[in-house]
Asks: 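To start, I am sharing the structure in question, which I have written as structure tokens.
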Amino acid sequence: MEFRRTHYTSHVTPEMNSQTVKLAGWVHEIRDLGGIMFLVLRDREGMAQITLFKKTIDPAVLKTAKALSRESVVLVEGEVKAEAKAPGGYELVPIKIELLNPAKSPLPMDTTGKVDAELDTRLDNRFMDVRRPKTQAVFRIRHHMLSAVREFLEQEGFIEINTPKVVATATEGGTALFPITYFDTEAFLNQSPQLFKQLMMSGGMDKVFEIGPIFRAEEHDTRRHLNEATSIDIEASFMDHEDVMVILENLIVYVYEKVAERAVPSLKTLGIELTIPTAPFRRLTYDEAIEINNENSKELLEWGDDLGTSAEKVIGEAIGEHYFIKDWPTEIKPYYTQPYEDEPQITKAFDMMHPRMELSSGAQRVHDHDMLHKRIQDQGLNPDGFEFYLKAFRYGIPPHSGWGLGAERLLMTMLDVDNIRDVVLFPRDRKRVSP
RNA sequence: GUCCGGAUAGUGUAGUGGCCUAGCAUGGAGCCCUGUCGAGGCUCCGCCCCGGGUUCGAAUCCCGGUCCGGGCGCCA
């Protein structure tokens, strides 16, 4: 069976008039008008019209065409005909239609955009949902986004690493972990590469990054949380929190620019015109953030409170663009964030926010072994479980800083998508582990 | 977890006690049509989440369950 195409639909042009090409893809639509029949063939790059003139066509080809069902996979060999009346300025007059694999009917959902499907239906049938140009556009943009992230970080001198997802202990207190059976001992799915990327600072790699999955067993059930998410993490030695904030904002701007430049057809499919943010982002201290909240909200906050969903919204509306919140109370940030030497009640930690939600958090890290040991204890954790980590701090680890950025949140805010599940192919949430 | 809302052909929806033999769109089968591009016209096909209850009568009201959506909580 022959199934190799010579061209994608978008690579055929009216100038190729009378040339023979082979297109392969899915039967997107069938319009049978009597004396003339149109098939719309869809491939990854677009669509092409196949036109059958019933009087002149080979009856065998017509017979195959008549028997096609929507979403069947076909290879069409035909002659390109420049035709102003056809979408794209050309159509294909088939010489041969090969049915490579028929699709059953009825389809689990519509791929043409005529009838909407609910997110739940789309996720249950993700393989078919991805055939919809709009869904495919989201994941092509996701590809461009991650590719730009890698490119930017590499230009900045970062080295890509991979750290284990199966671990023996929690990275930090607070978040729940998924326990797994690892031979005859208990292990967990990692919630963050935090500890491991810090170990690489002791390892002298200076600047590292990782793009990988993180797992959180929290029972959250919102439009912006996942139990398996993708984290973009960096860690850099001989840098403080301000230094890595600059890297972060420049990365965001770079990613927006490259997506706007490279994902033009996908953005068009989604009807999105990207507004590229400008750096530097505004820097709010935690104190200023509290003040803005208290001026604009009925839910008043006191110093030491964490910023909840409503505060995030209120402050986001007041600022209206990406911004940082820095200098957080030491107590509400993890043990590994470095307190200011002169004001130990606040820490060199920051969050980077989109008006809609938090995208990233980072900090300068504690590099002094004894301080780290004490802070682990103070947060009610057992230092024994952290020995593999603490050990690296006894043999020369430079001052260092880093952040973690939620890839899905970056994408959903960029594309103004309401539900985080829309930007993950196979989302894992409180209620979904399949497909 | 909690509060609110929802569940009707394959998909998306209308219907809030009898007018429902459940409407519409899309889809499928078939017929007509040589320029469709969300084609059009005609015929046919296919649906009330599960279990109990109220009532002469339940898709519709009540109770329980399951599943889904949204808010909040939880959350580097």
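Throughout, protein chains are lettered first and strands after them, A, B, ... in sequence-line order, and every chain is numbered starting at 1. Everything numeric here is computed off the predicted structure, so don't read it as measured data.
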Asks: Only one of A/Val80, A/Leu75, A/Val12 forms a side-chain contact (heavy atoms from CB on, under 4.5 Å) with A/Leu23, so which one is it?
Replies: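 Testing each of A/Val80, A/Leu75, A/Val12 against A/Leu23, the sole residue satisfying side-chain contact (heavy atoms from CB on, under 4.5 Å) is A/Val12.
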
Asks: A/Gln379 has an atom CD; how far is it from atom C1' of B/rA76, in whole Å?
Replies: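 The distance from CD of A/Gln379 to C1' of B/rA76 comes to 11 Å, rounded to the nearest Å.
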
Asks: Any side-chain heavy-atom pair from A/Ile315 and A/Asn296 closer than 4.5 angstrom?
Replies: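 Answer no - side chains too far apart.
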
Asks: Would you give a per-nucleotide map of nucleotides 30-36 of chain B, 5' to 3', where B means the base has a protein non-hydrogen atom under 4.0 Å away, S means only the sugar-phosphate does, and - means neither?
Replies: ---BBBB

Asks: What residues, two or more places apart in sequence or in another chain, satisfy side-chain hydrogen bond (donor to acceptor under 3.5 Å, both in side chains) together with A/Glu160?
Replies: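 Once residues adjacent in sequence are excluded, the partners of A/Glu160 under the side-chain hydrogen bond (donor to acceptor under 3.5 Å, both in side chains) criterion are A/Arg150.
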
Asks: Using whole Å, report how far CG of A/Asp422 lies from P of B/rG69.
Replies: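 So the two atoms are 11 Å apart, to the nearest Å.
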
Asks: Before we go on, tell me: are the rings of A/Tyr286 and A/Phe324 under 6.0 Å apart, centre to centre?
Replies: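 No, ring centres 6.0 Å or more apart.
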
Asks: Not counting sequence neighbours, which residues clear salt bridge (charged side-chain N to carboxylate O under 4.0 Å, His left out) with A/Lys63? List them please.
Replies: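 For A/Lys63 there are no salt bridge (charged side-chain N to carboxylate O under 4.0 Å, His left out) partners, ignoring immediate neighbours.
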
Asks: Just N and O in the side chain of A/Arg224: are any of them under 4.0 Å from OP1 or OP2 of B/rC75?
Replies: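 No, because none of the side-chain N or O atoms of A/Arg224 sits under 4.0 Å from OP1 or OP2 of B/rC75.
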
Asks: Of the options B/rG73, B/rG70, B/rA76, whose atoms approach the side-chain atoms of A/Thr222 most closely?
Replies: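 Selected nucleotide (nearest to the side chain): B/rG73.
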
Asks: Would you indicate what A/Lys313 reaches in the nucleic acid, counting non-hydrogen atoms under 4.0 angstrom: base, sugar-phosphate, or nothing?
Replies: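 It contacts sugar-phosphate atoms only.
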
Asks: Walk me through whether A/Ser72 and A/Ser69 qualify under side-chain hydrogen bond (donor to acceptor under 3.5 Å, both in side chains).
Replies: CA-CA 6 Å; A/Ser72 292; A/Ser69 59; 2.8 Å; yes

Asks: Could you run through nucleotides 44-50 of chain B and give me one letter per nucleotide, 5' to 3': B if any protein heavy atom sits under 4.0 Å from the base, S if only the sugar-phosphate is that close, - if neither?
Replies: -------

Asks: For residues 69-79 of chain A, which residues have at least one heavy atom under 4.0 Å from RNA chain B?
Replies: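 Under 4.0 Å from RNA chain B: A/Arg70.
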
Asks: Drop me the distance from A/Glu77's CD to A/Thr20's OG1, to the nearest 0.5 angstrom.
Replies: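 A/Glu77 CD to A/Thr20 OG1: 6.5 Å, rounded to 0.5 Å.
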
Asks: For each nucleotide in nucleotides 2-8 of chain B, reading 5' to 3', give B when a protein heavy atom comes within less than 4.0 Å of its base, S when such contact involves only the sugar-phosphate, and - otherwise.
Replies: -------

Asks: In whole angstrom, give me the gap between the C1' atoms of B/rG70 and B/rG64.
Replies: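 Rounded to whole Å, the distance is 24 Å.
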
Asks: With a 4.0 Å heavy-atom cut-off, tell me which residues in residues 353-372 of chain A come close to RNA chain B, sorted by residue number.
Replies: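 Correct list: A/Ser361.
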
Asks: What residues, two or more places apart in sequence or in another chain, satisfy side-chain hydrogen bond (donor to acceptor under 3.5 Å, both in side chains) together with A/Asp233?
Replies: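 Only A/Lys197, A/Ser231 meet the side-chain hydrogen bond (donor to acceptor under 3.5 Å, both in side chains) criterion with A/Asp233.
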
Asks: Measure CG/A/Leu68 against P/B/rG28 and give the value in whole Å, please.
Replies: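 Spelled out: CG on A/Leu68 to P on B/rG28 is 12 Å.
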
Asks: According to a strict under-4.0 Å criterion, is A/Arg430 in side-chain N/O contact with OP1 or OP2 of B/rC74?
Replies: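 For B/rC74, OP1/OP2 do not have a side-chain N/O of A/Arg430 under 4.0 Å.
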
Asks: On the side chain of A/Ser231, is there an atom forming a donor-acceptor pair with the base of B/rA76 - under 3.5 Å, no angle test?
Replies: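 Pair found.
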
Asks: Round to a whole Å and report the spacing from CD of A/Glu312 to C1' of B/rG73.
Replies: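 The answer, rounded to whole Å, is 13 Å.
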
Asks: How many whole angstroms separate atom CZ of A/Phe178 from atom P of B/rC75?
Replies: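 The distance from CZ of A/Phe178 to P of B/rC75 comes to 15 Å, rounded to the nearest Å.
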
Asks: From CG of A/Leu226 over to P of B/rC74, roughly how many Å is that when rounded to an integer?
Replies: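 These atoms are roughly 19 Å apart.
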
Asks: Work out how far the C1' atom of B/rA7 is from that of B/rC48, and round it to whole angstrom.
Replies: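 Looking at atom C1' only, B/rA7 and B/rC48 are 10 Å apart.
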
Asks: Run the ring pair (Phe, Tyr, Trp, His ring centres under 6.0 Å) check on A/Tyr335 and A/Phe386 step by step: do they pass?
Replies: CA-CA 12 Å; A/Tyr335 59 82; A/Phe386 292 87; 5.6 Å; yes

Asks: Step through it carefully: locate the ring centre of A/Tyr254, locate the ring centre of A/Phe152, and say whether they are under 6.0 Å apart.
Replies: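 Distance test on ring centres: under 6.0 Å, yes.
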
Asks: Measure the CD-CZ distance between A/Gln198 and A/Arg365 for me, rounded to the nearest 0.5 Å.
Replies: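 Here the rounded value is 5.5 Å.
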
Asks: Quote, to the nearest angstrom, the C1' distance that separates B/rG18 from B/rA59.
Replies: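 Pairwise C1' distance, B/rG18 against B/rA59, rounds to 13 Å.
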
Asks: B/rG38 P sits how many Å from A/Met47 CE, rounded?
Replies: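 From A/Met47 CE to B/rG38 P: 11 Å.
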
Asks: Let's see if you can work this out: which of B/rG73, B/rA76, B/rC68 has an atom nearest to the side-chain heavy atoms of A/Lys431?
Replies: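 Closest of the options to the side chain of A/Lys431: B/rC68.
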
Asks: Any base atoms under 4.0 Å from A/Asp418, or only sugar-phosphate, or nothing? Heavy atoms, all strands.
Replies: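 No contact.
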
Asks: Would you compute the distance between atom CG of A/Asn190 and atom CG of A/Leu177 and round it to the nearest 0.5 angstrom?
Replies: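 It is 8.0 Å, given to the nearest 0.5 Å.
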
Asks: Grab the two heavy atoms, one from A/Leu33 and one from A/Phe38, that are nearest each other, plus how far apart they are.
Replies: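 Answer, listing the atom of A/Leu33 first, then A/Phe38: CD2-CE1, 4.0 Å.
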
Asks: Output all residues satisfying side-chain hydrogen bond (donor to acceptor under 3.5 Å, both in side chains) with A/Thr230, sequence neighbours left out; order by chain, then residue number.
Replies: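 Per chain and number, A/Thr230 pairs via side-chain hydrogen bond (donor to acceptor under 3.5 Å, both in side chains) with A/Arg142, A/Glu408.
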
Asks: Do A/Phe281 and A/Ile252 come close enough that some side-chain heavy atom pair is under 4.5 Å?
Replies: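 In contact.
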
Asks: Does A/Lys326 make a cation-pi contact with A/Phe350 (under 6.0 Å, within 45 degrees of the axis)?
Replies: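 Geometry flag: not set, cation outside 6.0 Å or 45°.
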
Asks: What's the gap between B/rC47 and B/rG12 when it is taken at their C1' atoms, as a whole Å value?
Replies: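 Approximately 13 Å lies between the C1' atom of B/rC47 and that of B/rG12.
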
Asks: Using the rule given for side chain to side chain contact (heavy atoms under 4.5 Å, CB included), can you reason through A/Glu312 versus A/Asp351, listing the C-alpha separation, both sets of side-chain angles and the distance that settles it, and then say yes or no?
Replies: CA-CA 11 Å; A/Glu312 253 180 32; A/Asp351 283 359; over 6 Å; no

Asks: Residues from residues 12-26 of chain A sitting under 4.0 Å of RNA chain B, heavy atoms only?
Replies: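 Heavy-atom cutoff 4.0 Å gives no residues at all.
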
Asks: Can you measure from OG (A/Ser361) to CH2 (A/Trp403) and round to the nearest 0.5 angstrom?
Replies: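 Those atoms lie 11.0 Å apart.
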
Asks: Would you say a side-chain N or O of A/Ser310 is under 4.0 Å from OP1 or OP2 of B/rC72?
Replies: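 For A/Ser310, the contact criterion (side-chain N or O under 4.0 Å from OP1 or OP2 of B/rC72) is not met.
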
Asks: Here's a test of your reading of the structure: between A/Asp429 and A/His225, which maps to the more 5' nucleotide of RNA chain B?
Replies: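 Going by which nucleotide is closer to the 5' end, it is A/Asp429.
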
Asks: For RNA chain B, which residues of residues 109-135 of chain A approach it to below 4.0 angstrom with any heavy atom?
Replies: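 Listed by number, they are A/Lys114, A/Val115, A/Asp116, A/Ala117, A/Glu118, A/Asp120, A/Thr121.
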
Asks: Rounded to whole angstroms, how far apart are NE2 on A/His220 and C1' on B/rA76?
Replies: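 So the NE2-C1' distance, A/His220 to B/rA76, works out to 12 Å.
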
Asks: Is there a side-chain contact between A/His225 and A/Glu218 in this structure, where contact means two heavy atoms from C-beta onward sitting under 4.5 Å apart?
Replies: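 Heavy-atom side-chain distance check fails, nothing below 4.5 Å.
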
Asks: CZ/A/Arg70 to OG1/A/Thr112 distance, rounded to the nearest 0.5 angstrom?
Replies: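 Spacing of CZ (A/Arg70) from OG1 (A/Thr112) equals 5.5 Å.
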
Asks: The criterion is ring-ring contact (aromatic ring centres under 6.0 Å, His included); which residues satisfy it with A/Tyr340, sequence neighbours excluded?
Replies: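 For A/Tyr340, the residues satisfying ring-ring contact (aromatic ring centres under 6.0 Å, His included) (neighbours in sequence not counted) are A/His241.
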
Asks: Can you tell me how far apart CG (A/Leu307) and CD1 (A/Ile292) are? Round to the nearest 0.5 Å.
Replies: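 A/Leu307 CG to A/Ile292 CD1: 10.0 Å, rounded to 0.5 Å.
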
